[in-house]
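Note that the coordinates shown come from a computational prediction; the quantities given were computed from them, not determined experimentally. Counting starts at 1 for both ligands and their atoms, in listed order.
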Amino acid sequence: MYINGKAWRSIWLEKDGQTVGIIDQTRLPHQFKTVQLLSADDAVTAIRDMLVRGAPLIGATAAWGVFLGLQEDSSDKGLETVCTKLLAARPTAVNLRWAVERMRSVLAILPPKERVAAARSEAAALCEEDVQLNEAIGEQGLRLITEQYERKKRPINILTHCNAGWLATVDWGTALAPIYKAQAAGIPLHVWVDETRPRNQGAHLTAWELAAAGIEHRLIADNSGGHLMRQGRVDLCIVGSDRTTASGDVCNKIGTYLKALAAADNKVPFYVALPSSTIDWDLTDGMAIPIEERAEEEVLFVFGQAEDGSIQKVRIAPEQTRASNLAFDVTPARLVTGLITERGVCAASKEGLLELFPEQG
Ligand code: MRU
C-alpha cells in the first residue's frame with residue numbers, strides 16, 4: 001500500500017539479504033518508524049511486544065524469524081530451537097504455527113549448509129503468497145459490497161473491528177482488502193472504525209490506513225456499533241480472524257462476538273475475511289482455541305499524543321484497581337453470515353469450508 005506516494009509492505013528482506021525490516025506498529029499513528037530485525041530473538045520480541053501483529057503478519061514474521069535463526073545456527077538443534085522459540089511468542093493466531101511448521105517441513109529435510117538459502121526463498125514465497133491471497137479475498141469481498149451498492153444506490157456503510165488491514169498482513173489486509181478494492185472500483189463507501197480497546201488497533205492502525213488511502217471513515221467507541229445497527233446505519237460488518245475452526249467458529253479481537261450478536265439481532269450481514277492459513281483444520285470447537293491474556297497495564301493505561309506532541313501513557317483507573325485483559329473472543333459459526341476466503345465466499349460451517357477446500361476432507 002502507498003504512504004505519501006511510496007509503496008510499502010509491512011515486512012521485507014533488507015537490501016543486505018540477511019536482515020528483515022518491519023514497521024514498528026506500536027508507534028503508529030503518531031510516528032512512522034521502521035525497525036531492522038537482526039536475529040530470531042528480535043523476531044520473537046517484535047511478535048510478542050506487537051511491533052508486528054495481525055494473524056498473517058505474525059506468520060510472515062515467524063517465517064523470517066526462522067531464516068534469521070538459521071543464520072546463527074543451521075544445525076538440526078538450531079532449527080528446533082528457533083521454531084520452539086517462535087511458536088511460544090503469541091498463542092492465538094494459528095498462522096504462527098502454520099508458518100513455522102511450513103518452514104520446518106521444508107528445511108528439516110535439507111543438509112544444514114543449504115538451510116539458510118532455502119529459508120530465505122521459503123519466507124519470501126510465503127510473503128508473496130500472502131499478498132496474492134489477500135488480494136483475492138479483496139476481489140471476493142468486492143462482490144458483496146457491489147451487491148449492496150447496486151441494491152441501495154448510496155454509499156455503503158461498513159463496520160470493522162480491530163485492524164485487519166494491510167498492516168495486519170504483508171499487504172492488502174483481509175477485512176480491509178474488499179474495501180480497498182471497492183474504492184478502486186469507484187463504489188462510494190464509509191467505514192465505521194471500532195476503536196478496539198485496550199490497544200486501540202482501530203484508532204491507531206485502521207484509521208491511519210484508511211486516512212492514508214483517502215477512504216471516508218469515522219472512529220467510534222467500541223460500544224457504538226449496536227446502536228448504529230439499530231438505526232440502520234450499518235450495511236455490512238467485515239472483520240478478520242486469528243483462527244477459524246474447521247466448523248466455522250471464528251476467533252478474533254475481543255469485542256468481535258458482541259458485534260456479531262448485535263448484527264444478528266439487526267439482520268446486518270456479518271462477514272469474516274480470512275486466508276486459508278488462518279483455518280485450524282484440527283479444531284472444531286472454537287472454545288478450545290487458546291485465548292491470549294495480556295498485561296493488565298494495557299487496560300489500566302492508554303497511550304496517546306499530548307497537545308505538546310509528546311507520546312504519553314496515562315492511567316485511567318484507580319491505583320489499586322486490577323484489570324483483566326483477554327485479547328480475543330470466539331464468535332460461533334451460527335452468528336457468521338459468511339467467510340470470505342481467497343477461493344470464494346462460503347457458509348461458516350464444515351460443509352461450506354469443505355466445498356472450497358475439498359482437499360481437507
Ligand atoms: O492482537 P492483534 O492486533 O494481533 O489482533 C489482530 C486481530 O484480531 C485481527 O483482526 C486478526 O489478526 C485478523 S488480521 C488480518
Side-chain angles (χ1 to χ4, degrees), residues 1 9-11 22-26 28 46-62 89-99 130-131 133-138 141 159-180 193-209 222 237-244 250-260 270-280 286 289-295 298-299 303 325-331 336 339-342:
M1 289 286 152
R9 284 186 173 179
S10 60
I11 193 163
I22 58 167
I23 298 166
D24 180 354
Q25 299 192 21
T26 63
L28 289 170
I47 296 171
R48 195 192 52 223
D49 296 348
M50 295 178 65
L51 281 74
V52 291
R53 24 68 50 203
L57 179 57
I58 290 171
T61 309
R90 281 190 81 187
T92 301
V94 77
N95 306 59
L96 175 62
R97 187 183 78 197
W98 170 84
D130 186 68
V131 176
L133 297 190
N134 295 325
E135 184 168 10
I137 287 171
L159 183 142
T160 193
H161 190 70
C162 195
N163 173 264
W166 69 269
L167 288 169
T169 63
V170 179
D171 206 350
W172 284 102
T174 57
L176 295 195
I179 291 171
Y180 291 128
V193 179
D194 284 348
E195 61 180 342
T196 321
R197 279 282 292 148
R199 288 187 66 100
N200 287 316
Q201 287 95 328
H204 293 172
L205 308 175
T206 301
W208 181 80
E209 277 194 32
D222 282 331
C237 297
I238 313 181
V239 301
S241 170
D242 288 84
R243 193 183 296 221
T244 300
V250 172
C251 182
N252 190 49
K253 182 56 54 195
I254 192 85
T256 303
Y257 171 54
L258 281 176
K259 294 299 152 348
F270 188 91
Y271 285 98
V272 180
L274 63 135
S276 48
S277 52
T278 303
I279 304 171
D280 187 341
I289 296 172
I291 302 291
E292 177 177 17
E293 199 157 355
R294 295 188 62 84
E298 294 180 352
V299 178
F303 280 91
N325 188 4
L326 294 159
F328 299 94
D329 63 24
V330 177
T331 300
V336 177
L339 302 173
I340 311 172
T341 77
E342 70 270 17

Engineer: Any idea which part of Pro56 is under 4.0 Å from ligand 1, heavy-atom wise: side chain, backbone, both or neither?
Structural biologist: side chain
Engineer: Tell me whether Thr174 has any N or O atom under 3.5 angstrom from an N or O of ligand 1.
Structural biologist: no
Engineer: Using a heavy-atom cut-off of under 4.0 Å, does the side chain or the backbone of Lys253 touch ligand 1, or both, or neither?
Structural biologist: both
Engineer: Numbering the atoms of ligand 1 from 1, which are under 4.0 Å from a heavy atom of Cys162?
Structural biologist: 5 (O), 6 (C), 7 (C), 8 (O), 10 (O)
Engineer: Can you list the ligand 1 atoms lying under 4.0 Å from a non-hydrogen atom of Gln201?
Structural biologist: 1 (O), 2 (P), 3 (O)
Engineer: May I ask you to check whether Thr169 has an N/O atom sitting below 3.5 Å from an N/O atom of ligand 1?
Structural biologist: no
Engineer: Near Met50, which atoms of ligand 1 are under 4.0 Å from a heavy atom of that residue?
Structural biologist: 1 (O), 2 (P), 3 (O)
Engineer: Between Trp172 and Val131, is any pair of side-chain heavy atoms under 4.5 Å apart?
Structural biologist: yes
Engineer: Which bit of Arg199 gets closer than 4.0 Å to ligand 1, counting heavy atoms only: side chain, backbone, both or neither?
Structural biologist: neither
Engineer: Could you check whether any side-chain heavy atom of Leu167 comes within less than 4.5 Å of a side-chain heavy atom of Trp208, counting everything from C-beta outward?
Structural biologist: yes
Engineer: Please state which part of Arg90 comes within less than 4.0 Å of ligand 1, counting heavy atoms only: side chain, backbone, both or neither.
Structural biologist: side chain
Engineer: Would you mind telling me which of Arg53, Arg199, Gln25, Gln201 makes a side-chain hydrogen bond (donor to acceptor under 3.5 Å, both in side chains) with Asn163?
Structural biologist: Arg53
Engineer: Are any of the side-chain heavy atoms of Leu339 and Thr244 separated by less than 4.5 Å?
Structural biologist: yes
Engineer: Nearest 0.5 angstrom please: His161 NE2 to Asp329 CG, how far?
Structural biologist: 7.0 Å
Engineer: In ligand 1, which numbered atoms sit nearer than 4.0 Å to a non-hydrogen atom of Ala55?
Structural biologist: 12 (O), 14 (S)
Engineer: Return yes if a side-chain donor-acceptor contact under 3.5 Å exists between Thr196 and Asp194, otherwise no.
Structural biologist: no
Engineer: With a 4.0 Å cut-off on heavy atoms, is Ser241 touching ligand 1?
Structural biologist: yes
Engineer: Find all atoms of ligand 1 within a distance of less than 4.0 Å from any non-hydrogen atom belonging to Ala168, and give their numbers and elements.
Structural biologist: 14 (S), 15 (C)
Engineer: If you have a sec, work out which protein heavy atom is nearest atom 7 (C) of ligand 1 and how many Å separate them, to one decimal?
Structural biologist: Asp242 OD1, 3.2 Å
Engineer: Any heavy-atom pair between the side chains of Thr61 and Ile58 that's under 4.5 Å?
Structural biologist: no
Engineer: Any atoms of ligand 1 less than 4.0 Å from a non-hydrogen atom of Ala164? List them with their elements.
Structural biologist: 14 (S), 15 (C)
Engineer: What I'd like to find out is whether the side chain of Arg197 reaches to under 4.5 Å of the side chain of Val299, using heavy atoms alone.
Structural biologist: yes
Engineer: Does the side chain of Met50 reach to within under 4.5 Å of the side chain of Arg90, using non-hydrogen atoms?
Structural biologist: yes
Engineer: Using heavy atoms and a threshold below 4.0 Å, how should the contact between Asn163 and ligand 1 be classified: side chain, backbone, both, or neither?
Structural biologist: backbone
Engineer: Which protein heavy atom lies closest to atom 10 (O) of ligand 1, and at what distance to 0.1 Å?
Structural biologist: Asn252 OD1, 2.7 Å
Engineer: May I ask you to decide if Glu292's main-chain N or O and Thr92's side chain share a donor-acceptor pair within less than 3.5 Å?
Structural biologist: yes
